[in-house]
**Student:** 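Right, I'll just put the structure down here and ask away after.
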Amino acid sequence: MLKLFIAFVWLINGLFCKVINLVPRHSEIVAQLLGDEYARLLTILIGLGETILALWILSGRWAKPTAILQIVLVISMNTIEYLMVPDMLLWGRFNSIFALLLAILIYYHAFIQKPRETVTHTNA
């Protein structure tokens, strides 16, 4: 269930908010950080990367390295935004609290939560 939630977060932010541009603020943040000229293209590329990450999470392959990648991405992206464009974030500097909670959830899912055991039935 946590895997679905985490993948959903990446999918919503990547595909819907960035690629489809349902939340133009994401492109505006990229423009503010990297310049206007390629902001939309870079936003789409970031969104595609997040969408691919969501699908990768669902695959379950290399879960721990993938979790480390996610944590690094979440913390680094949010640190840059916290320092450079806090006024453009949905909850301002409080966004960092949600980023930290997501990073903790990702860590918990990959490194602490025990996977469900598969029950097999035998005919006796």
Side-chain angles (χ1 to χ4, degrees):
M1 188 64 153
L2 278 179
K3 178 168 68 171
L4 290 175
F5 175 77
I6 293 166
F8 187 69
V9 169
W10 288 107
L11 183 68
I12 292 297
N13 279 287
L15 181 61
F16 294 101
C17 294
K18 292 180 180 85
V19 174
I20 298 174
N21 202 29
L22 292 178
V23 183
R25 180 175 36 81
H26 290 276
S27 289
E28 294 167 9
I29 290 170
V30 172
Q32 185 79 21
L33 292 172
L34 302 173
D36 288 328
E37 189 173 359
Y38 298 106
R40 185 69 196 123
L41 174 63
L42 291 171
T43 304
I44 290 169
L45 292 174
I46 292 166
L48 289 173
E50 291 176 346
T51 302
I52 291 167
L53 184 56
L55 298 173
W56 186 262
I57 292 164
L58 291 174
S59 81
R61 296 182 56 119
W62 299 315
K64 289 181 182 180
T66 303
I68 293 168
L69 173 65
Q70 290 177 79
I71 292 166
V72 167
L73 288 172
V74 168
I75 298 300
S76 61
M77 286 189 303
N78 281 277
T79 299
I80 292 167
E81 292 168 344
Y82 180 93
L83 295 172
M84 309 274 299
V85 290
D87 55 310
M88 297 186 80
L89 301 175
L90 185 59
W91 296 293
R93 288 202 160 105
F94 287 110
N95 258 38
S96 60
I97 293 169
F98 296 102
L100 182 60
L101 290 174
L102 179 60
I104 290 168
L105 187 68
I106 292 166
Y107 178 85
Y108 173 80
H109 174 65
F111 294 97
I112 296 174
Q113 184 182 38
K114 302 251 187 255
R116 283 192 162 146
E117 302 268 337
T118 304
V119 177
T120 58
H121 298 286
T122 60
N123 293 333

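All values below were derived from every heavy atom in this structure, side-chain atoms included, with hydrogens, water molecules and symmetry-related copies excluded.
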**Student:** Applying the 4.5 Å side-chain criterion to the ILVMFWY set and letting contacts propagate, would Ile104 and Ile112 be lumped into a single cluster?
**Tutor:** no
**Student:** Heavy atoms only: give me the nearest Ala110-Ala67 pair and the separation to one decimal.
**Tutor:** CB-CB, 3.3 Å
**Student:** Treating Ile, Leu, Val, Met, Phe, Trp and Tyr as nodes and any side-chain heavy-atom pair under 4.5 angstrom as an edge, say whether Ile52 and Leu58 lie in one connected cluster.
**Tutor:** no
**Student:** Taking only distance into account, with no hydrogens and no angle test, what donor-acceptor pairs under 3.5 Å do side-chain atoms of residues 77-92 form with protein atoms, sequence neighbours excluded?
**Tutor:**
from  : atom 1 : to    : atom 2 : distance (Å)
Asn78 : ND2    : Val74 : O      : 2.8
Thr79 : OG1    : Ile75 : O      : 2.7

**Student:** I'd like to check the ring-ring contact (aromatic ring centres under 6.0 Å, His included) partners of Tyr107; sequence neighbours left out, ordered by chain and number.
**Tutor:**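 With sequence neighbours excluded, Tyr107 shows a ring-ring contact (aromatic ring centres under 6.0 Å, His included) to Phe111, given in chain and number order.
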**Student:** Under the side chain to side chain contact (heavy atoms under 4.5 Å, CB included) rule, what do Leu4 and Ile57 come out as? Steps first, then yes or no, please.
**Tutor:** CA-CA 8 Å; Leu4 290 175; Ile57 292 164; over 6 Å; no
**Student:** In terms of hydrophobic clustering (I, L, V, M, F, W, Y; side-chain heavy atoms under 4.5 Å; direct or indirect links), are Leu102 and Leu100 co-clustered?
**Tutor:**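 Each belongs to a different hydrophobic cluster.
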**Student:** State yes or no: do Phe98 and Leu73 share one hydrophobic cluster built from I, L, V, M, F, W and Y residues joined by side-chain heavy-atom distances below 4.5 Å, directly or via other members?
**Tutor:**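 Different clusters: Phe98 never reaches Leu73 through Ile, Leu, Val, Met, Phe, Trp or Tyr contacts under 4.5 Å.
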**Student:** Hydrophobic clustering (ILVMFWY, side-chain heavy atoms < 4.5 Å, transitive) - are Leu53 and Ile106 grouped together?
**Tutor:** yes
**Student:** Atom NZ in Lys3, atom CD in Gln113: separation rounded to 0.5 Å?
**Tutor:** 10.5 Å
**Student:** Ignoring hydrogens and angles, write down the donor-acceptor pairs under 3.5 Å from the side chains of residues 8-35, residues two or more places apart or on other chains.
**Tutor:**
from  : atom 1 : to    : atom 2 : distance (Å)
Trp10 : NE1    : Gln70 : OE1    : 2.8
Asn13 : ND2    : Val9  : O      : 3.0
Lys18 : NZ     : Glu50 : OE1    : 3.0
Lys18 : NZ     : Glu50 : OE2    : 3.3
Ser27 : OG     : Arg40 : NH1    : 3.2
Ser27 : OG     : Thr43 : OG1    : 3.4

